[in-house]
Amino acid sequence: MDFDYTDEQKALKDEARRFLGDASPISVVRGVLENPERGHDAALWARVAEQGWCGAAIPEAYGGYEFGYVELCGLAEELGRSLAPVPFASSVYQFAEAVLAEGTEEQKLELLPTIASGESIGTIAVSEGPGTVSAKRLATRYANGTLTGTKLPVADGMAAGKAVVLAMGSDGPVLVLTDLAGPGIDRRMVPTLDPTRGAAQIVFDNAPAQVLGSGGDGIAALARVHDRSAVLMSFEQLGGADRALEMARDYALERYAFGRPIGSYQAIKHKLADVFIRIEVARASAYYGAWALSTNAAELPIAAAAARIAGCNAYWQAAKENIQTHGGIGFTWEADPHLHYRRARHLGLVLGSAKAWKHKLTDRLEAQRAASNAERHAA
Amino acid sequence: MNFDDNPTEAQYRTKVRDWIASNKPDLSVLPPEERLVWTQGHKNAMRQWQATKSAGGYACITWPKEQGGAGGTQIEDVIFSQEETAAEIHDPYYITGLKMLIPAILKFNSDAKFAERVPLAVRGDEIWCQLFSEPSSGSDSAGIRTAAVRQGDEWVINGQKVWNSGAAHADYGLLITRTDPDQPKHKGLTAFWLKMDAPGLEVRPIKTMGGDSELNEVFFDDVRITDDQRVGAVNDGWSVVLATLMNERAAIGQSNGLTWSDMMDLAASVPTDDGTVMDDDAFRDLIADLYVDLEARRLIGFRTLTAISRGQSPGPEGSAAKLLWSGGTQTMMSEALDMLGEFGLVQDSVLSPRAGAFQQRFLWSCGLRIGGGTDEIQKNIIAERVLGLPADVRVDKGVPFREIPSGR
């Protein structure tokens, strides 16, 4: 039993915090907020890539640095905390994990080295407008080596050069790979709630594409990839939530009303204690997810869903109560709390809503229960 | 991060699981009503179990061998408790004494008279209870009014304690008294250990809203205690209280009662037109929420354990865990009643699912939010000790105890 970062992992995290404090101050985040067409900060991305973070969990055989998944989780926590405006989540938690988990050996050798170095950026294109995509309503088609259809929104869709796309193939849904700089692709930036993480609408018109891996059930493959992404994303959510609570705490100590710091009133103390509890739930769930991810444990699907739900909830609670604790000033453009409010919802939606993940979690608990009942009957 | 037992731990777990299986008490020989905790039959069975554990070297696993312990590690102790729980052994009688009170007393007293008591407690011959709370001293835990007045070599005790778990079954108690009301609240307290059959001491069980009587009031009418049963220095009783509460924080809760999986079992047994409640979307959302919170509570316990196994003292995450458990249990039980519809009203050992355990737990859950530090006190602990927010305005600070307003 060892339920914490090791000293080495803590040192890496501390180093990452120092690095981001210097490389991604709030002025860098606001630089993208004020100029949404940028989508991300290219100079910061280059510096993050230089650190080798994009290859943290990619094996050396594919050009990565193989620090490990728990190490990548620690980096994600710090990126979330600093609100870094970079396409790290799309490229590393989503695209790289999709290729690693589902791709052929050849695809891994071809695609992962430039992802690990940060030279290229990848993303996953799933959503096609309102609602959750399903096998019944999937409109984007894959046939004869080409893709046709519209994906909206695609996180970091303007920055990315490569994408994994969920499409309807001849035998059902399938994950395919496409080059976003290639022919048959028309993309435009779409404004979103959180301009510091860009998004695009991408129209595919007979765009060349190839099947990812052996081309099995794309919905099931996407679910496996999403489980891995969800654990990593839950650490970004945890870092952001921690920072939002810290901001609320600091403000509650310095703001006086009726002759006392507002943080001495139980109305504020108990509210922030409630946020702390949500964050402890997210932390415990994320750590468990990190263990399951790093050991490829059978518990991963359940652990990932729990980490996702707890991460969404904690960041949302922390972000909204941070604004509430700040009062009127927290509602202004100049004050920083709205950056977390935006980011909390952005991270809470990119892999599908918490509500959708609750359904997944209960499905999985039910399946587990049925399996253990069957086992008991057999015995 | 690693949630598996390491090879040494796994080996230990297998060993104790086998040992428990072949030595555990057989409650099925008792009449059904005597299988419940706090009945004479259950208590006798657990007394026998404690003696068996002691003979087998599994009582007080972390204590040094010369004190009757096994000289084992915290992790071994936790593994043994987990295996006891898995074997459905619920023993509320000895934990207070062996995990909290006696270790605290041993920090202050090394005399032969107290030392005599220790092996008897380890063997299960003697049960201990905590005599701290009072009618005017609940959350305000230093507001003790029970008076101890020195007369030569003796102290004369007058006053009342309340919410004393298991006091009616206890042989000994650890008592906190006020010895100097002219000092500020935390200063004039003194601790004693005493025998529960002392003349002038009376225990009255309290029937709580669930109908059981685990909790008691204890009255002191000129009870005499010799000075050699004083714990720590005169007027330094608060240090004894703190030492005890530290042990409480380190004693990881083991009994979970009903949880999310019991809710799934219940839902699968309640019919609807086209299936069971398990197919209901709103219920499926609820199960996900319950799972996340209650699993997190279990996992936070592992974090406490990690701190202990690294030789650090457990952090305030225990307060978060307690709030998740108490609030989560009450919500869950209320949802269980709703799930049953009008039939949820029925609390009957034959008609109700699980012999009425959901209804019983529904009533008991109010106590979970109050005992061991109320929800509100736990939130203050988090706000002040973790977040560093200021304590509330205090009108009792530095004021002699007898001048503090008491509302009567």
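As the structure is a computational prediction, the values presented were derived from the model and not from experiment. In the text below, chain A, chain B and the rest are named by the order of the sequence lines, each starting its count at 1.
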Nearest 0.5 angstrom please: T362(A) OG1 to M264(B) CE, how far? 7.0 Å
Short side-chain donor-acceptor distance under 3.5 Å, D375(B) and H270(A): no
Regarding D285(B) and H359(A), do their side chains bring together a donor and an acceptor under 3.5 Å, going by distance alone?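 Yes, a side-chain donor-acceptor pair sits under 3.5 Å.
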Check whether [X] gets within reach of chain B through its side chain, its backbone, both or neither, counting any heavy atom under 4.5 Å.
X       : value
I309(A) : side chain
E366(A) : both
D363(A) : both
Y287(A) : both

Please examine the side chains of R260(A) and D392(B), heavy atoms only from C-beta on, and report whether any two atoms are closer than 4.5 Å.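 Heavy-atom side-chain distance check passes, below 4.5 Å.
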Within a strict 4.5 Å, meaning less than it, do heavy atoms of the V292(B) and L361(A) side chains meet? yes
By ring pair (Phe, Tyr, Trp, His ring centres under 6.0 Å) - contacts of Y315(A) (at least two apart):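 Scan of Y315(A) (ring pair (Phe, Tyr, Trp, His ring centres under 6.0 Å), adjacent residues dropped) gives H340(A).
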Indicate yes or no: does D281(B) engage K355(A) in a salt bridge with an N to O separation below 4.0 Å.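 Salt bridge between D281(B) and K355(A), a charged N being under 4.0 Å from a carboxylate O: no.
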Quick one: side chain to side chain contact (heavy atoms under 4.5 Å, CB included) partners of P261(A), sequence neighbours excluded?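 In terms of side chain to side chain contact (heavy atoms under 4.5 Å, CB included), with neighbours along the sequence ignored, P261(A) is linked to Y256(A), S264(A), P390(B).
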